Amino acid sequence: MSDGLSHNMTALETEGARALPAAKDVAQRFEVQPHPAPASEEAWAKAMDDLSFGAAYSDHMARAIWTRGQGWHSKQVVPFGPLTLSPAAAVLHYGQEIFEGMKAYRHDDGSIWTFRPGYNAARFNASARRMCMPQMEVDDFVGAISALVTEDAKWVPTPFGSSLYLRPVMFASEAFLGVHAAAEYTFLTIATPVGLYFKDGLSPVSIWVSDGFHRAGPGGTGAAKTGGNYAGALLPQEEAADAGFDQVCFLDARENQYLEELGGMNVFVVRSDGSVRTPSLTGTILEGSTRSAIIRLLRDRGTPVFEERIRLADLVEDIKRGEVIEMFACGTAAVVTPIGRLASKDFDLEIPGSALTLSIYNQLVGIQNGHEPDPYHWLYRLV
Ligand SMILES: *Cc1c(COP(=O)(O)O)cnc(C)c1O
């Protein structure tokens, strides 16, 4: 029986904790082609003023190509702009695609940092293995981020809580309609300045528990960060939105009883005895970096965290009895979001508390922005 406090690192956590070379050394792997006509001062100022998610992109993007027999080549930072892609490119037909989500944070002294890039690199490769795509050297992955953020440093916003959101992506770019793993892949990283993900700050979200739709199934691709998982979650998300809810939560596909996660965020449950629960990694859940960091920080505070299967029926009873006092969702984009209402066709419950949610949010954002100690060396200096 776990005491909720001892911590066995997962494969991703172990791989992700390996020391990385300095950013300026790995950035050299990418040759820079400066944008001949970067954003005007006005366009840039407007973008830095309107920090809504994905409203504007920085001047450049990192790019690399993988060709069978040759491996990764053509590593460059190039002007951000439309791609040239054959209409027969395999990704458009069979969806062979993976991505990551990361952020670059500007600290008070002007330096720019990112959070656990080795973890994202390891997860990118884990997703690539599942989707039958080539591996990328961690130094290339981190090199792409470093080279792009160095070139576009002025796009990293200053206000506390803001950041430059980084989106690495890889897709099958070979023009071939046969069904097999492609012989050519394109890697890109694009960047968009963002403020707080939920504009109302930490105001609680409402969650609809999906009835009949599942995000992932046993043996499927739920543990890989791949676009298809998101495509399949859009219809249930729309239905939840039509019913007046902010987000949808999925149950396991085998028994339709156990809490899994939201479309793009992991979930936690806080009990009145001070302990915390989160769904265990069963292979159908995405192993979030934020989830991993929160488990670590809570255990380090002496808060027991149990990774286990959480039966929805038990959770509902525990909320009614006041034994579950908080729930929250977490992920890189939104960081931490309190769940204030949980509903399905059978119940509709308010969840009142948010004290622990707020304190873990503050600690995590504090670490990322250099205001709190970083005992696990999660921060990596980019510029
Ligand atoms: C990316 C993602 C998360 C959150 O992962 P982080 O590493 O914390 O950003 C959770 N669930 C799904 C399905 C995701 O794609």
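Atoms within a ligand are numbered from 1 in the order they appear, just like the ligands themselves. In this text, all values refer to a predicted model and were calculated from it rather than measured experimentally. The chain is numbered in sequence order, starting from 1.
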Checklist entry - Does the ring of Phe250 carry Arg215 above it, NZ/CZ under 6.0 angstrom from centre and within 45° of its axis? => result no
Under 4.0 Å, counting heavy atoms only: does [X] come that close to any atom of ligand 1?
| X | value |
| --- | --- |
| Glu100 | no |
| Ala333 | no |
| Gly101 | no |
| Arg123 | yes |
| Tyr119 | no |

Next on the checklist: Counting only heavy atoms, tell me which of Lys225, Lys103, Glu260, Glu261 gets closest to atom 2 (C) of ligand 1.
Outcome noted: Lys225
Checklist outcome for this item: the protein heavy atom lying closest to atom 15 (O) of ligand 1 turns out to be Tyr230 OH, 2.5 Å
Next on the checklist: For atom 3 (C) of ligand 1, what is the closest protein heavy atom, and at what distance to 0.1 Å?
Outcome noted: Gly264 O, 3.3 Å
Item to check | Worked check of salt bridge (Lys or Arg N to Asp or Glu O under 4.0 Å) between Glu307 and Arg299 | outcome: CA-CA 12 Å; Glu307 297 175 71; Arg299 285 179 176 156; 3.5 Å; yes
Give the atoms of ligand 1, by number and element, whose distance to some non-hydrogen atom of [X] is under 4.0 Å.
| X | value |
| --- | --- |
| Arg215 | 13 (C) |
| Gly331 | 4 (C), 8 (O), 9 (O) |
| Thr332 | 6 (P), 7 (O), 8 (O), 9 (O) |
| Gly288 | 5 (O), 6 (P), 7 (O), 8 (O) |

Item to check | Donor-acceptor side-chain pairing of Ser292 and Glu287 below 3.5 angstrom | outcome: no
Checklist entry - Among side-chain atoms of Thr282 and Thr284, is any donor-acceptor pair under 3.5 angstrom? => result yes
Checklist entry - Are the aromatic rings of Tyr119 and Phe124 close, with centres under 6.0 Å apart? => result no
Next on the checklist: Check for me whether the distance between the ring centres of Tyr105 and Trp113 falls short of 6.0 Å.
Outcome noted: no
Item to check | Side chain, backbone, both or neither: Thr290 near ligand 1, heavy atoms under 4.0 Å | outcome: both
Checklist entry - What part of Met265, side chain from CB on, backbone N/CA/C/O, both or neither, has a heavy atom under 4.0 Å from ligand 1? => result backbone
Item to check | Exam field: side chain Asp374 to backbone Ile367, donor-acceptor pair closer than 3.5 Å | outcome: no
Next on the checklist: Any salt bridge linking Glu308 with Arg277? Criterion: basic side-chain nitrogen under 4.0 Å from a carboxylate oxygen.
Outcome noted: yes
Checklist entry - Does a side-chain N-to-carboxylate-O contact under 4.0 Å join Arg321 and Asp318? => result yes
